[in-house]
**Q** 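Okay, here's the structure, questions in a sec.
Start at 1 and go down the list; that is how both ligands and their atoms are numbered. The figures that follow rest on heavy atoms only: side chains count, while hydrogens, waters and symmetry mates do not.
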Amino acid sequence: METVLSGIRSTGNLHLGNYYGAVRNFVKMQEEYRCFFFIADLHSLTTHPKPENLHDNIRKVLSEYIACGIDPDRATIYIQSDVPEISELYLLLNMNAYVGELERTTTFKEKVRKQPENVNAGLLTYPVLMSADIIIHNADKVPVGKDQEQNLEMARKFARRFNHIYHVDYFTLPEPFNFGSELIKVPGLDGTGKMGKSEGNGLYLIDEPKEIRKKVMKAVTDAGPDKPNAPKPEPVENLFYLLRLMSDVSTVAHFEEAYNNCTIRYGDLKKQLAEDIILFTTPVRERILEIYNDDEYLSRVVRNGAEKARESASKTLRDVREIIGYKGF
Ligand code: TRP
């Protein structure tokens, strides 16, 4: 059975874009693959979170993923910092990662541009830690978005390099997981582009109904169609896209018809869309809160996850130490 692995940022709550773009696919993957999902709380230190927030961020993300259907009994879900073997492999990989190649990665260059006051070594070696995450379980496939493609390419490079230096065929070269046509890109409500945290246009699973209503009602539209069967400008098409995702077919048909015969009132569409989103998010939000407040359950999940992840990671690390030449006395 192939191994799929994905790291999850521990900053920020899940929005509908995350859900339809990734999390829902993870839920499907756990049926067919040996899955590792972990919270990348070591990576998160590059942004210097406050000690009083670090734990809570992890707890939130964990609760949200489980509430969405990641099943700790099927997939191995763990916290990166619970698996010290990852940090050790990171150290070992760093010895053959070159400053020049790390400086040339787009994500690093972008960070340097955006936050010149905090260009720490952790940012520079971010792709090395990510490589350690991936190859420590010999993952075959990694679901990555566009922004992480280069990091995955680096993981392949470091895995290949290790194999080459030590004349072994030890590490699997991880491939991007291809969702194919299943990939859904949820648009934002601000007219153009996709839903994203940094765009500030997210509808979050944890949002209260009144928050969702407020956000949807504020969505960008236009003056309305001026002739029958007019093409939809992007902001309007985005609203319809969300409607198709969240509402039933008859609702979609109703508003399509209203648009095509120019009787549409965007206010009505938005009201309906908001209620349908709330219908979807409410049970998820309730489950998130339930899990978030269940210390006993969470502690069990985290302990089991760490145990399963360490079993796999420590085997790799033992092999790697031996390949490098470390021997017992
Ligand atoms: N860098 C990823 C992100 O920002 C998170 C991540 C860390 C990751 N380690 C990983 C993703 C390993 C896939 C595999 O989203």
**Q** Would you check if the distance from the ring center of Tyr170 to the ring center of Tyr166 is below 6.0 Å?
**A**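 Aromatic pair excluded; centres sit 6.0 Å or further apart.
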
**Q** Taking any residue with a non-hydrogen atom under 4.0 angstrom from an atom of ligand 1, which ones do you get?
**A**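 Lining ligand 1 at under 4.0 Å, by heavy atoms, one finds Leu5, Gly7, Arg9, Phe38, Ala40, His43, Tyr126, Met130, Asp133, Ile134, Val142, Gln148.
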
**Q** Suppose we screen for ring-ring contact (aromatic ring centres under 6.0 Å, His included). Which residues come up paired with Phe26, at least two apart in sequence or across chains?
**A**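 Here the qualifying residues are Phe37.
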
**Q** So for atom CD, which belongs to Glu296, do other residues, nucleotides or ligands contribute more than 12 heavy atoms lying within a distance under 6.0 Å?
**A**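 It does not: Glu296 CD has 12 such atoms or fewer within range.
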
**Q** Measure centre to centre between the rings of Tyr19 and Phe280, then say whether the value is under 6.0 Å.
**A**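 Ring-ring flag for Tyr19/Phe280: true, centres closer than 6.0 Å.
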
**Q** Please check if the distance between the ring centroids of Tyr78 and His137 is under 6.0 Å.
**A**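 So the answer is yes for these two rings.
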
**Q** Just by modelled atom types, is the Asp41 backbone N or O under 3.5 Å from a matching donor or acceptor in the Gln80 side chain?
**A**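 A pair under 3.5 Å: yes.
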
